[in-house]
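Report on the following structure.
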Amino acid sequence: MKNKKFYITTPIYYPSGQPHMGHAYSSIIADVIARFKRNDNYDVHFLTGTDEHGLKIQKAASKAGLKPLEYCNKISDIFRQLNVKLNLSNDDFIRTTEKRHFNSVQHLWKQLVDSGDIYLSKYKGWYSVSDEAYYNSDEIVEKNGKKISTFSGSLVEWVEEESFFFKLSAWEDKLLEFYEKNKKFIIPVSRRNEVINFVKSGLKDLSISRTSFTWGIKVPNNEKHVIYVWLDALTNYLSALNYPNLNNDLYKKFWPASLHVIGKDILRFHAIYWPAFLLAANIEPPVKIFSHGWILSGEEKMSKSKGNILNPLEIIDIYGIDETRYYLMKEVSHGSDGNISLKSLENCINSDLANNYGNLCQRVFSFIKNNCANNVEAYKDKLDSDQKIINETKNIIGELRNLMEEQNINSYIKSVINISFLTNKYINDEEPWKLKSSNVKRMNNILHLALEQIAKISILLNPIIPISTSKVLDALNVKKSNRNLSFLDGENILSEKISIAPLNILFKKIT
RNA sequence: GGCGAGGUAGCUCAGUUGGUUAGAGCACAGGACUCAUAAGCCUGGGGUCGGCGGUUCGACUCCGCCCCUCGCUACCA
């Protein structure tokens, strides 16, 4: 029985615009980790979804001549389609407009009222109607007798609005203590330091309701107020496990969340508000938050004629989903921003996928088809060169769990591709084509070992490029139940006699 | 302004507690081979490791100053 469990989430996306590469990137990271954990015999629950409340949505809907929910149905569906296109293996898709989420948020609210962490007061500030945003007094200048925002230059007015507040200020010390006790709560470390410094500089209470619009979840016992943004949005992670039903199987099994994958732009809300809410409600905070960087595009970005460069749907249509996933995961360094371009994408596909892994599979499968009638038999005797590559591969595999544990996917990929280098070199050095007539036994041994290497690489790359690696593992007749990490612990993972099925070219080169 | 991260080959990055000729992948140039998607393998060019100064027998690695880039500095998400 599986006793290891892993609950992983993406942010819930705010669908006020079209999905872009950043959405795709967050989701693919989470999917890669989810798939890896499943392959490592974890019981995984992988959640994604959409955040559908707020004034922006309400306005966009009325502009489109639709009721808010009708509008949300449409746009949420666009994100669902993206998930299919990205080949996500999510177990659930949550929408903040669902009943289970309403119940969950309202219950959490009541918990916070009961604990004394919510009070009614007035939210005051300089508000810009056109920006739909409040500004601090130091962001305001007076020009011709009128107050304007230094940021946008738009007119602001002093607004006082009745609002419920969360006593965030009361949680400073407890949060700092929590960060101290949970050194890996925020990854990477540079982000963790930012958060800690921010909390140390002092926290203000947080406005958590609005009366200026209606599209949202009502405050319990106060129909005037709608619960505002974060208390609504973040709670999705609980709602999907059927909170507040604490005896529900999903909740009992998967809370606290193992990992929230987010972009650095929403770090504060996840790293400060979220644990504060949960601690206040006496709920255990999540284990870890991984804050990744942004996907940037080079000089091409500004070009309107090439403005679609960042559109993930088009990239996937042109280059393929495995290719796109591989590129994004390989190219962007752990935790930092990544620059992407069509040129480096094509380069990456050609060198890593087509020339290296793809061609490795092709050369071995073709050779076996042409010289062994698709059947390979291994003989016991191993040479030093065989043992050498087996050991080197084992050493590399030994470090992979740690890399994935640190969400260091790009280093993980480089290590796995390294096995492909080793294997190509092994075949070159052993020259099986010279043994066709002179030493068929040795030739078979070489080919058998090459196939084992291919099987290992394919299992290890499976979380990143699931479609292509499945083709290879199918052709190798590796049982589905064996496509996991513990299977790789053995030295001889394939049976001694192997029949392979034909394998088509996996990745076309881009010329 | 304050706090923080970083500046290493054309590009993306590794460099453990300071120790001999500074590494990888991609890109580029040669070579031998031929099973393979003219792929793979081998060899090579190319770096005053941001600048200046200091500590040391010895610094990419420690210290000081300077230059440059980036992030955070709360209620759009």
Side-chain angles (χ1 to χ4, degrees), chain A residues 11-17 51 53-57 123 125 128 131-136 138 151-152 163 165-166 168 188-208 210 228-231 233 263-269 272-273 291 293-294 298 330-339 341 343-344 347-348 350-371 410-411 413-414 417-418 420-421 423-436 443 446-447 450 504-511:
Chain A
I12 48 172
Y13 302 115
Y14 197 65
S16 58
D51 176 17
H53 290 134
L55 187 60
K56 276 189 187 171
I57 297 286
Y123 189 71
S128 159
D131 298 348
E132 293 171 17
Y134 281 93
Y135 293 102
N136 283 334
D138 60 1
F151 181 70
S152 64
S163 171
F165 283 81
F166 173 75
L168 188 61
V189 179
S190 55
R191 296 287 164 205
R192 168 188 151 87
N193 293 337
E194 276 178 19
V195 168
I196 290 176
N197 286 336
F198 184 84
V199 174
K200 277 184 179 167
S201 76
L203 296 175
K204 287 193 264 183
D205 288 349
L206 186 68
S207 164
I208 50 170
R210 286 288 184 277
Y228 188 56
V229 195
W230 292 107
L231 191 63
K264 64 184 184 185
D265 48 332
I266 52 174
L267 173 63
R268 180 183 314 136
F269 316 117
I272 299 174
Y273 300 177
S291 164
W294 286 338
K330 162 92 187 294
E331 191 68 10
V332 182
S333 285
H334 179 240
S336 52
D337 293 349
N339 263 290
S341 70
K343 196 185 163 200
S344 69
N347 208 307
C348 175
N350 283 348
S351 54
D352 277 23
L353 294 178
N355 292 349
N356 204 315
Y357 171 65
N359 185 58
L360 170 65
C361 295
Q362 203 55 37
R363 70 192 296 204
V364 174
F365 273 72
S366 294
F367 191 97
I368 294 171
K369 181 186 166 201
N370 295 332
N371 299 289
N410 64 308
S411 294
I413 291 175
K414 283 172 192 166
I417 270 303
N418 218 10
S420 188
F421 280 103
T423 308
N424 269 317
K425 178 172 165 52
Y426 171 79
I427 295 168
N428 272 66
D429 291 348
E430 299 303 320
E431 301 179 306
W433 46 91
K434 287 191 177 166
L435 305 172
K436 286 179 203 172
M443 183 182 83
I446 295 164
L447 296 172
N504 292 324
I505 286 193
L506 292 170
F507 308 97
K508 283 181 190 148
K509 282 192 76 165
I510 296 148
T511 49

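The chains referred to below are lettered A, B, ... by the order of the sequence lines, with proteins before strands, and numbering in each begins at 1. The figures here come from the full heavy-atom set of this structure, side chains too, leaving out hydrogens, waters and symmetry mates.
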If we take the P atom in both C60(B) and A39(B), what is their distance in whole Å?
39 Å
Write down the atom of Ile417(A), the atom of Asp352(A), and the distance for their closest heavy-atom approach.
CG1-OD2, 4.0 Å
Presence of donor-acceptor pair under 3.5 Å, side chain of Asn428(A) and base of G40(B):
yes
In whole Å, what is the span from the CG atom of Leu267(A) to the P atom of A74(B)?
14 Å
Going by atom types only, do Ser341(A) and Ser344(A) share a side-chain donor-acceptor pair under 3.5 Å?
yes
Base, sugar-phosphate alone, or nothing: which one does Gly202(A) contact when heavy atoms must sit under 4.0 Å apart?
base
Which part of the nucleic acid, if any, lies within contact of Asn350(A), taking any heavy atom under 4.0 Å across all strands shown: a base, the sugar-phosphate backbone alone, or nothing?
nothing
Classify Phe507(A) by what it touches in the nucleic acid, base, sugar-phosphate, or nothing, heavy-atom distance under 4.0 Å.
base
With stacking defined as ring centroids separated by under 5.5 Å and planes differing by under 30°, is Phe367(A) stacked against C35(B)?
no
Give none if U48(B) has no partner; otherwise give the nucleotide forming a Watson-Crick or G-U wobble pair with it, both distances under 3.5 Å.
none
Specify the residue among Ile266(A) and Ile427(A) whose closest nucleotide of RNA chain B lies further upstream toward the 5′ end.
Ile427(A)
Between G18(B) and G40(B), how far apart are the C1' atoms? Round to whole Å, please.
40 Å
Taking only the P atom of each, what is the distance from G50(B) to G10(B) in whole angstrom?
13 Å
Distance check: side-chain N/O of Tyr357(A) vs OP1/OP2 of A36(B), anything under 4.0 Å?
no
Using purine N1 to pyrimidine N3 plus N6-O4 or O6-N4 for Watson-Crick, or N1-O2 and O6-N3 for G-U wobble, both under 3.5 Å, which nucleotide pairs with C60(B)?
none
Quick one: which of A74(B), U37(B), C75(B) gets closest to the side chain of Gln362(A)?
U37(B)
Nearest-Å distance once atom P is located in both C66(B) and A77(B):
41 Å
Smallest separation among heavy atoms of Val364(A) and Ala450(A), with atom names:
CG2-CB, 4.0 Å
Rounding to the closest angstrom, what is the interatomic distance between U12(B) and G54(B) at atom C1'?
34 Å
In whole angstrom, give me the gap between the P atoms of U56(B) and C72(B).
42 Å
Mind checking Phe365(A) for me? I need base, sugar-phosphate or nothing, with any heavy atom below 4.0 Å counting as a touch.
nothing
Sugar-phosphate, base or nothing in reach of Lys369(A), heavy atoms under 4.0 Å
nothing
Short side-chain N/O contact to C42(B) OP1/OP2 from Lys425(A), under 4.0 Å:
yes
Kindly say whether Lys414(A) contributes a backbone atom to a donor-acceptor pair with the side chain of Asn418(A) at under 3.5 angstrom?
no
Please check if the side chain of Asp51(A) supplies one atom and the backbone of Tyr14(A) the other of a donor-acceptor pair under 3.5 Å.
no
Just call it for Val229(A): base, sugar-phosphate, or nothing, with non-hydrogen atoms closer than 4.0 Å on any strand.
sugar-phosphate
Taking only the side-chain heavy atoms of Arg210(A) (C-beta and beyond), determine which of C75(B), U37(B), G25(B) contains the nearest atom.
C75(B)
Residue whose nearest RNA chain B nucleotide is more 5′ - Asn410(A) or Tyr273(A):
Asn410(A)
Over how many whole Å does the gap from Glu431(A) atom CD to A36(B) atom C1' extend?
15 Å
Given C72(B), C75(B), C41(B), identify the nucleotide with an atom nearest to the side chain of Glu194(A).
C72(B)
Check whether any side-chain N or O of Lys509(A) sits under 4.0 Å from OP1 or OP2 of A39(B), and answer yes or no.
yes
Base-pairing assignment for C41(B) (Watson-Crick or G-U wobble, both under 3.5 Å)
G31(B)
Parallel under 30°, tilted from 30 to 60°, perpendicular over 60°: which one fits the rings of Trp230(A) and Tyr273(A)?
perpendicular
Between P of C35(B) and CD1 of Ile446(A), the distance in whole Å
14 Å
If you look at every strand shown and take non-hydrogen atoms under 4.0 Å, does Asn193(A) touch a base, only sugar-phosphate, or nothing?
nothing
Less than 4.5 Å apart, any side-chain heavy atom of Phe507(A) and any of Asn350(A)?
no
Which part of the nucleic acid, if any, lies within reach of Ser207(A) when heavy atoms closer than 4.0 Å are counted: base, sugar-phosphate only, or nothing?
base
Between G45(B) and A27(B), how far is it from one C1' atom to the other, in whole Å?
13 Å
For atom CG of Asn355(A) and atom P of G40(B), their distance in whole Å:
4 Å
Side chain to side chain contact (heavy atoms under 4.5 Å, CB included) for Asn371(A) and Trp433(A)? Distances and angles first, verdict last.
CA-CA 9 Å; Asn371(A) 299 289; Trp433(A) 46 91; over 6 Å; no
Using purine N1 to pyrimidine N3 plus N6-O4 or O6-N4 for Watson-Crick, or N1-O2 and O6-N3 for G-U wobble, each under 3.5 Å, what pairs with A9(B)?
none
Trp294(A) CH2 to G71(B) P, in whole Å, measures 7 Å
Counting Watson-Crick and G-U wobble pairs only, both distances under 3.5 Å, name the nucleotide matched with U55(B), or none.
none
Whole-Å gap separating P (U34(B)) and CH2 (Trp433(A))
8 Å
Quick one: look up who C3(B) pairs with, Watson-Crick or G-U, both distances under 3.5 Å, and put none if it's unpaired.
G71(B)
How is Leu206(A) classified with respect to the nucleic acid when contacts are heavy atoms under 4.0 Å: base, sugar-phosphate, or nothing?
base
Just to be sure I understand the rule, does Ile417(A) reach a base, reach only the sugar-phosphate, or reach nothing, if contact means heavy atoms closer than 4.0 Å?
nothing
C76(B) - base-pair partner by Watson-Crick or wobble geometry, distances under 3.5 Å
none
For the residue pair Asn428(A) and Arg363(A), confirm or rule out a side-chain donor-acceptor distance under 3.5 Å.
yes
For U12(B), does either OP1 or OP2 sit under 4.0 Å from a side-chain N or O belonging to Lys330(A)?
no
Interatomic distance, Ile272(A) CD1 vs C75(B) P [rounded to whole Å]:
13 Å
Please work out if Asp205(A) contacts a base, only the sugar-phosphate, or nothing of the nucleic acid, heavy-atom cut-off 4.0 Å.
base
Nearest-angstrom distance from the residue atom OH of Tyr14(A) to C1' of C76(B):
8 Å
Nearest-angstrom distance, P atom, C57(B) to U43(B):
39 Å
